[in-house]
Structure formats: structure tokens, C-alpha cells
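Here the structure is laid out as C-alpha cells; the discussion comes afterwards.
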Amino acid sequence: MRLVTYTVDDTSARLGAQLDDHVIDLAALAARHGTELPHDLLSFVQAGPAAQETAQRLLAGGGTTLPTGIRHRLGDVSLRAPLRPGKIIGVGLNYVEHVEESSRSLDTDKELPPRPVLFSKPATAVTGPGQPILHNADLTAQLDWECELAVVIGRTACRVSEQDAYDHVFGYSIVNDISARDQRRSGQWFFSKGQDSYAPFGPAVVTADDIADPMTLDLSLRVNGVTKQKSNTRHMLFPIARLIADISSGVTLEPGDVIATGSPSGVGAGMVPPEFLTPGDIVEATVEGIGTLTNPVVDAR
């Protein structure tokens with residue numbers, strides 16, 4: 001399933017399943033059939049496999065003749081961030097070529113990290129499709145982009161093995177790991193990467209059963225139509241199963257948590273000369289099988 005959070009005419013956000021160019025309100029569809037489904041994606045994830053099975057069964061019954069209020073044209077709704085994660089765990093230096101460009105442009109270690117490099121983003125950094133990335137010139141002159149595959153956790157994961165890691169995955173999405181390169185503080189990345197709007201997220205969460213192999217997905221990023229990043233998740237230094245096992249060895253992952261799995265090379269700081277985002281720019285992050293997450297950059301002052 002391709003799951004979205006949407007609004008119609010500024011109404012409250014609702015959980016929908018996207019079918020081609022339509023969005024089906026899952027809670028309303030369930031009510032029509034005398035059952036219940038959550039109104040929001042986080043609650044849906046937390047409800048576990050039973051909710052997914054119910055939604056799949058109802059959708060299999062056909063959605064092309066559903067009435068207005070249950071079925072909406074995609075062009076008539078506004079997509080929002082799929083959910084507000086309990087925590088966002090970022091992974092730094094997870095593509096070999098990005099390790100090299102970071103050592104050259106960001107003074108990080110030129111050696112490949114022996115274990116995943118982890119940091120966090122607060123939930124307040126999340127923003128949705130079409131929503132602005134805030135550029136505050138009082139805080140940064142080096143606003144950068146990073147297209148990343150996002151893993152949405154579906155089951156509590158505590159000290160899980162690599163072999164069992166995928167049993168804890170609900171689905172996949174896109175995170176653009178926006179970074180103020182000149183706000184790293186004594187090597188710490190939280191303020192650099194955690195400011196408001198620095199975690200564009202979406203446009204959908206695609207459930208794990210609809211992604212045959214998350215380790216073979218093309219990903220790319222464009223700024224004003226010009227391709228800056230282009231790679232494939234098979235080039236991750238630490239694959240998804242290793243990330244889940246490593247993080248959960250000491251931090252419990254809960255349903256709705258998000259792992260941003262790292263960026264390939266092609267970030268602005270690594271360009272010669274460096275390139276950074278400014279108000280008026282349009283950033284498009286694309287991951288195969290999930291879609292494109294588009295955000296404008298606006299002046300925050």
C-alpha cells in the first residue's frame with residue numbers, strides 16, 4: 001500500500017491510501033463496511049498487522065465507485081508529512097563516495113567508519129511535501145541537501161539481530177536531511193541538522209510488502225531541475241538490517257520511528273566551488289518506488 005496523510009480544503013489531516021490518481025480515506029472506507037481503522041498513519045502503524053490486513057481487504061473490494069468523502073482525486077487534496085515520528089535517527093557517512101567528499105569539504109575522517117555514525121533530528125524538524133525549507137540567513141550561509149531513503153519502524157525493536165531486522169519494518173519513505181553546514185558545534189550535528197523544517201518527509205510511506213528489495217533502489221536529488229545527487233541504495237556502507245541491529249542494541253526503536261539511512265555523494269558542500277541553497281530554490285528528492293518529495297526554500301526572516 002501507498003499511504004499518505006492529506007487534507008481537503010484545510011480540514012483536519014486524514015490517513016489515505018493512494019490508488020493511482022485517487023486517495024481513499026481508510027477510516028471512512030472502514031466505517032462504510034461496519035468496521036474501524038485509525039484516522040492517522042501513526043496510529044495505523046501502531047495498530048500492527050491487523051490494521052494493514054483490514055485495509056488491504058477493503059481496498060481489494062474496489063475503490064473506483066466510492067462516493068465523495070471517501071474517494072478524492074489526488075489533485076484535490078494537499079499531502080502532508082506522513083506522520084510525526086517519535087524519533088528520527090540519522091545516519092552519517094553511509095555511502096563510500098560521501099565519506100570521501102565529506103573528508104575533503106567538511107573535515108570529517110577520511111577513513112571509512114567501522115560502525116554506523118548516528119545522530120538525531122527532533123520531530124519539530126519534520127515538514128511535508130510542498131512545505132517550505134526555512135533559510136535563516138542569521139543562522140546559516142551554508143544550507144545543504146541530502147536525499148535519503150527513510151525506514152519507518154513498525155514493531156518495537158530492542159536488541160534485534162540483523163536476521164530479524166526486517167520483521168520490524170513497516171515501510172519506506174524519503175527524508176531530505178537538510179543541514180546548516182556552518183552550524184556544526186564542536187563536531188556535534190544536532191543544531192546543524194535539527195532546526196525547524198530540516199527534515200522534509202514524504203510524500204508517502206510505501207509498506208514493506210510493496211518494496212521488493214530496499215537495497216536496490218535508485219535515488220536522486222535535483223535543485224532547480226539540475227541533478228546534484230544520483231546513486232542507488234546498494235552502495236550503502238551499512239545496509240538497513242545492520243543499521244536496525246546496531247541502533248536497537250542500545251536504543252529501543254518504536255512503531256513510527258524513522259531511520260534516515262544516509263546520503264550519497266553530491267551534496268552542496270562537496271561541489272567545486274561549494275553550492276548551497278538560497279530562497280527561491282526548489283529541491284526535489286526522488287527514491288525509486290516511493291516518488292518525489294518537492295520543497296521550496298524560503299526566507300525565514
Side-chain angles (χ1 to χ4, degrees), residues 2-7 18 20-21 23 74-75 77-83 88 90-91 94-95 97-98 101 121 125-135 140 142-152 171-181 193 195-206 210-211 214 216-236 258-271 274-300:
R2 180 179 178 85
L3 300 171
V4 298
T5 295
Y6 73 96
T7 59
Q18 183 181 338
D20 298 321
D21 59 350
V23 173
L74 184 60
V77 307
S78 297
L79 298 184
R80 304 300 184 189
L83 54 81
I88 306 167
V91 183
N94 200 29
Y95 286 74
E97 292 182 354
H98 184 51
E101 74 174 354
K121 284 177 176 272
V126 169
T127 192
Q131 298 302 300
I133 297 167
L134 302 177
H135 183 288
T140 183
Q142 298 180 4
L143 194 65
D144 209 343
W145 57 81
E146 293 187 0
C147 176
E148 308 194 4
L149 174 68
V151 177
V152 179
Y172 302 94
S173 190
I174 304 169
V175 164
N176 188 351
D177 178 18
I178 299 297
S179 308
R181 302 297 188 188
K193 291 175 172 285
Q195 295 181 47
D196 294 353
S197 81
Y198 280 19
F201 177 35
V205 173
V206 178
D210 277 349
I211 299 290
T216 60
L217 301 177
D218 289 332
L219 66 169
S220 61
L221 183 139
R222 295 173 298 280
V223 178
N224 301 327
V226 178
T227 298
K228 304 296 183 180
Q229 294 184 286
K230 190 174 181 65
S231 189
N232 188 285
T233 56
R234 65 174 170 267
H235 299 304
M236 284 186 195
V258 170
I259 302 172
T261 57
S263 170
S265 61
V267 301
M271 301 289 180
E275 300 177 13
F276 297 108
L277 297 171
T278 57
D281 289 340
I282 301 294
V283 189
E284 301 169 283
T286 299
V287 176
E288 180 183 0
I290 298 170
T292 297
L293 173 63
T294 302
N295 299 91
V297 181
V298 305
D299 191 339

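Residues: numbered from 1 along the sequence shown. Computed from a predicted model, the values in this text were never measured in an experiment.
- Checking side-chain atoms of S173 against main-chain N and O of A204 turns up a donor-acceptor pair under 3.5 Å.
- Of all non-hydrogen atoms in L293 and F201, the two that sit nearest each other are CD2-N, 3.7 Å.
- When all heavy atoms of A180 and T140 are compared, the closest pair comes out as CB-OG1, 3.6 Å.
- Annotation: the span from S179 atom OG to W145 atom CH2 amounts to 11.0 Å, rounded to 0.5 Å.
- L74 contributes atom CG, which lies 6.0 Å from atom CG of L79 (distance to the nearest 0.5 angstrom).
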Practice item. Step by step, work out the side chain to side chain contact (heavy atoms under 4.5 Å, CB included) result for L277 and V223. Key: CA-CA 8 Å; L277 297 171; V223 178; 4.0 Å; yes

Review point. Going through the checks in order, is the side chain to side chain contact (heavy atoms under 4.5 Å, CB included) test met by L143 and I178?
Key: CA-CA 7 Å; L143 194 65; I178 299 297; 3.6 Å; yes

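- The heavy-atom pair separating L134 from A300 by the smallest distance is CB-CB, 3.8 Å.
- At a threshold of 4.0 Å, the pair D218-K230 does not count as salt-bridged, since none of the basic side-chain nitrogens sits closer than that to a carboxylate oxygen.
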Exercise for review: Show your working on side chain to side chain contact (heavy atoms under 4.5 Å, CB included) between D177 and K193 and close with a plain yes or no.
Suggested key: CA-CA 7 Å; D177 178 18; K193 291 175 172 285; 2.8 Å; yes

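- Side-chain contact check for V126 versus I88: some heavy-atom pair is nearer than 4.5 Å.
- N232 places a side-chain N or O within donor-acceptor distance of the main-chain N or O of T216, the cut-off being under 3.5 Å.
- For the atom pair E146 CD and L219 CG, the distance stands at 11.5 Å (nearest 0.5 Å).
- When only modelled atom types and interatomic distance are considered, Q142 and R181 share no side-chain donor-acceptor pair under 3.5 Å.
- With hydrogens and angles ignored, the 3.5 Å screen pairs no side-chain donor or acceptor of T294 with any backbone N or O of G130.
- Taken from CD1 in I174 to CD1 in I290, the straight-line distance is 5.5 Å, to the nearest 0.5 Å.
- Note that the CG atom of D281 and the CG atom of N224 stand 4.5 Å from one another [nearest 0.5 Å].
- Between P82 and L3, every side-chain heavy-atom pair lies at or beyond the 4.5 Å cut-off.
- For D21, the CG atom counts as densely surrounded, since its 6.0 Å shell holds more than 12 non-hydrogen atoms of other residues, nucleotides or ligands.
- Not a single donor-acceptor pair under 3.5 Å links the side chain of R222 to the backbone N or O of V283.
- Counting only distance, with no hydrogens or angles, the side chain of T286 and the backbone of E284 share no donor-acceptor pair below 3.5 Å.
- Considering all non-hydrogen atoms of both residues, P264 and V267 come closest at O-CG1, 4.1 Å.
- A 4.5 Å side-chain heavy-atom check between M236 and Y95 finds at least one atom pair inside the cut-off.
- At a threshold of 4.5 Å between non-hydrogen side-chain atoms, the residues L221 and K228 count as touching.
- When all heavy atoms of C147 and A285 are compared, the closest pair comes out as SG-CB, 3.8 Å.
- Remark: the backbone N or O of Q131 is paired with a side-chain donor or acceptor of N295 at under 3.5 angstrom.
- Taking the side chain as every heavy atom from C-beta outward, V298 and I133 never approach each other to under 4.5 Å.
- Not a single donor-acceptor pair under 3.5 Å links the side chain of E148 to the backbone N or O of N176.
- For the residue pair Q229/S265, the side-chain donor-acceptor check at 3.5 Å is not satisfied.
- Of the possible donor and acceptor atoms, none in the side chain of N94 sits under 3.5 Å from a partner among the backbone N and O of V91.
- No donor-acceptor pair under 3.5 Å is formed between the side chain of Q195 and the backbone N or O of S197.
- In this structure, T233 contributes its side chain and L217 its backbone to a donor-acceptor pair below 3.5 Å.
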